[in-house]
Amino acid sequence: MNSRQPDRRYPPGDLAIWIFILAELSVFAIFFAAYAFTRMNNVELFNEFQQSLDPTSAMLNTIALITSSYFVVRALAAIREDNREGCESWLWAACAMGGVFLAIKSAEYAHHFGMGINLSTNTFYMFYISLTFFHFMHVILGMVILAAVAVKTRQGAYSADEHTGVETGGSYWHMVDLVWLILFPLVYVMR
Amino acid sequence: MNPRSEHRPMPRPCTLVYLVMLLLTLLTWLIGKTGITGLPVALGVLLLALLKGQLVGDWFMGLRGVRGLWRWAVILWLAIPGALISVAFYLSSGA
Amino acid sequence: MQYQSQSVAKLYFIAAIGLFVGQILFGLIIGLQYLMGDFMFPEIPFNVARMTHTNLLIVWLLFGFMGAAYYLVPEEAERELESPLLAKLMFWIFLVAGALTVLGYLLVPYSGLAQMTANSLMPTMGREFLEQPTITKIGIVVVALAFLYNIGMTILKGRKTVVNLVLLIGLAGLAVLFLFAFYNPANVVLDKFFWWWVVHLWVEGVWELILGSILAFVLIKTTGVDREVIEKWLYVIIAMTLITGIIGTGHHYYWIGTPEYWQWWGSIFSAMEPIPFFMMTVFAFNMVNKRRRNHPNKAAVLWALGTATMAFLGAGVWGFLHTLSPVNFYTHGTQITAAHGHMAFYGAYVMIVLTIISYAMPILRGRQAANSNRSQVLEMWSFWLMTVSIVFITLFLTAAGILQVYLQRFSDTAMPFMVVQDKIALFYWLRELTGVIFLIGLVVYIASFFVGNDEPEASVEPTAE
């Protein structure tokens, strides 16, 4: 299965989804850079309020997303071996981990919003809420996509010979994971 | 399919990558929890993140098997913002 | 013409061009009024001429979009239009209502018009671009609903292509968003907030879907490239449009009294609004490069490529120049805005309508595929005259705007508005002269419809295979 030489010109899945992925990644990249440069003029503010965040929740969320991405990779491996049931199960498991992410994040939000914090409280919170909220929405969309692919897998739409849909949906989900991998250290840890 | 050793089954590569990422995540968390600060630590944490991102791109997204421009898609997305963030943190650190 | 009912498009296209002429004449009037404030005062004061200029623009573009839909939908859906009679009826209703409205602007003081049309029963008058009396606005809604019904039924009962569906979504969005013109909150902040739901979400939202689908249609017809390739591009382009443009509305929320986070959201998302326009340019040139045939209607291909390019420059680049909030703080409401507005509207929407007219009119008038060489050459002259004029108009207004921003806002010894206007008058003269050249281009354009009609159609050169 592993060939040392890269042999494909195009990434797995529909090329159109990769254009989306690049677009979404670009928006987040700009936001990340904006965060870092704004922090330059507000170091004390950012440092102070960063400490009101809970790195443990964020770490659990990171593990949830990395695990869900791993499950997606397992799903793809399964369908490549024509194992439809396996593929479907791994996809639902990935979706479930996404659900875990949403639950933990919602608890964090409940805590902060319950204290009256909102987008206008200060610049740090504006970035924290904006970044995590936009990401949150993408997790939801990603879960919808994974669920759709899982349903189609159950309906027999994919096989070892033809499973572009699984690659396409999986790629989008990995993007969601990728964004969080930067967001977590940047917003919760780096000081 | 995969010629596997009959005596010691190898874990899948993606599983190994996953375990490495878990470790890197725990490391980042520990740093966050113990509250270690300072520019070298911050940049180190960023580097860990970029490394994790690279692993996702290469091994999970399958870009390792792709040649040409698309191979660089995720790498550039990690490198360029990574560089910008590093610059911003450097300039914030009291320079 | 594949389907008889496509012929109703001709009415709409003719009205569109007629109103276009009206728009430009009024544009020249207000351009002169910048320099001679008393020109045509008190018969046609600046504010009246200005709203006539802008309203005519929007109405003629709407006629153009409807004509485009009536032409391409039957062909895409592979069936006759649901009701050509309804289309013709709506044409006359829209035209008469529009004419009466413009006459109302010109002949009656605006407050008198409001009284005459019972604006107080449901007040919707008095806002930029939405100056129409409430009864006109209701008329527009009726026309739009009838239009959507007609087009929608045709598509529903026929072949559903990506081009068709994207166009329908765009047009439906146009109609739904227009309803916000009826929402007039007393709170000034909310008033402005929702006003942009009509204006921004039109021109930086659903109108781009309309633009994309018409461009895709013309490229399919003139290049012969696989429909699937073109339709995939269209999907990606409109997705980028919506991803960047919806939250990008925030770039109008910097200074109207909304919370500060809009300066961040608006800047970041709207900074990416040029991307779909860039993609459209690459798309158009790529498809033409990979074409499988040389279409005899060279003028239409020129318009198509020109549209993509000018839309990218005018809407994309010039838009980007003043979209970031730290920049916009200084440039808001200056000649920079006017520069962007003119090149964007011309490049994206004027040109796409002229593109579809260029493609469809010869066929509607009985040709197989294209006009005669003579006619096309004249049309291509008009393309260059109008397009180059607009580029220079934009450059002159940009120069005026930079000076204005510096002298009136940025400088440590800032000067008052009218003093600065005096100082940038040279650029207004240059703009006006260039505007006259634009009008000449428009006259040449109209002439191209009457020239070369007796000559044979331009022939097809075989592609080197």
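So that the names make sense, note that chain A is the first sequence line, chain B the second, and so on, each numbered from 1.
Heavy atoms only, all atoms of each residue included: A:Arg8 and B:Gly62 are closest at NH2-O, 3.7 Å. Annotation for A:Phe124 and A:Leu53: closest pair CZ-CD1, 3.6 Å, computed over non-hydrogen atoms.
The cationic group of B:Arg64 lies under 6.0 Å from the six-membered ring centre of B:Trp59 and within 45° of the ring axis, placing it in a cation-pi geometry.
Counting heavy-atom pairs under 4.5 Å between each of A:Ile21, A:Thr67, A:Leu22 and chain B puts A:Thr67 at the top.
Counting heavy atoms of neighbouring residues, nucleotides and ligands inside a 6.0 Å radius, atom CZ of A:Phe113 exceeds 12 of them.
Using a distance-only test at 3.5 Å, with no hydrogens or angles considered, no donor-acceptor pair links the side chain of A:Ser130 to the main chain of A:Phe127. Although no hydrogens or angles enter the test, the distance criterion places no donor-acceptor pair under 3.5 Å between the side chain of A:Asp82 and the main chain of A:Ser159. Distance alone, capped at 3.5 Å, is enough to place a donor-acceptor pair between the A:Thr168 side chain and the A:Asp14 backbone. Judged purely by atom type and a 3.5 angstrom limit, A:Glu162 uses its side chain to pair as donor or acceptor with the backbone of A:Thr164. Looking only at distances, no side-chain donor or acceptor of A:Thr121 sits under 3.5 Å from a matching main-chain atom of A:Ile117.
Residue-level contacts of residues 184-191 of chain A with chain B, in order of numbering, are A:Phe184, A:Pro185, A:Leu186, A:Val189, A:Met190, A:Arg191; threshold 4.5 Å between heavy atoms. Residues of residues 25-51 of chain A placed with any heavy atom under 4.5 Å of a heavy atom in chain B are listed by number as A:Leu25, A:Ser26, A:Ala29, A:Phe32, A:Ala33, A:Ala36, A:Phe37, A:Arg39, A:Met40, A:Val43. For a heavy-atom cut-off of 4.5 Å, chain B lies close to no residue in residues 140-154 of chain A.
A ring-ring contact (aromatic ring centres under 6.0 Å, His included) check over residues 149-175 of chain A, counting only residues at least two apart or in different chains, returns the pairs A:His174-B:Phe60.
Considering only heavy atoms from C-beta on, B:Met61 stays 4.5 Å or farther from A:Pro11 through its side chain. Residues A:Met97 and A:Asn61 are not in side-chain contact: their nearest non-hydrogen atoms beyond the backbone lie 4.5 Å or more apart.
Taking the six-membered ring wherever Trp is involved, the centroid distance between the rings of A:Phe101 and A:His135 falls below 6.0 Å.
In the model, B:Tyr18 has no side-chain atom that pairs as donor or acceptor with a side-chain atom of A:Ser69 under 3.5 Å.
Residue contact with chain A, scored on non-hydrogen atoms closer than 4.5 Å, involves the side chain of B:Leu78 exclusively. Using a 4.5 Å cut-off between heavy atoms, B:Thr15 contacts chain A through both its backbone and its side chain. With a 4.5 Å cut-off on non-hydrogen atoms, B:Val74 touches chain A through its side chain but not through its backbone.
Residues B:Lys33 and A:Asp54 are not paired through a salt bridge, judged by the lack of any N-O separation under 4.0 Å between the basic side chain and the carboxylate.
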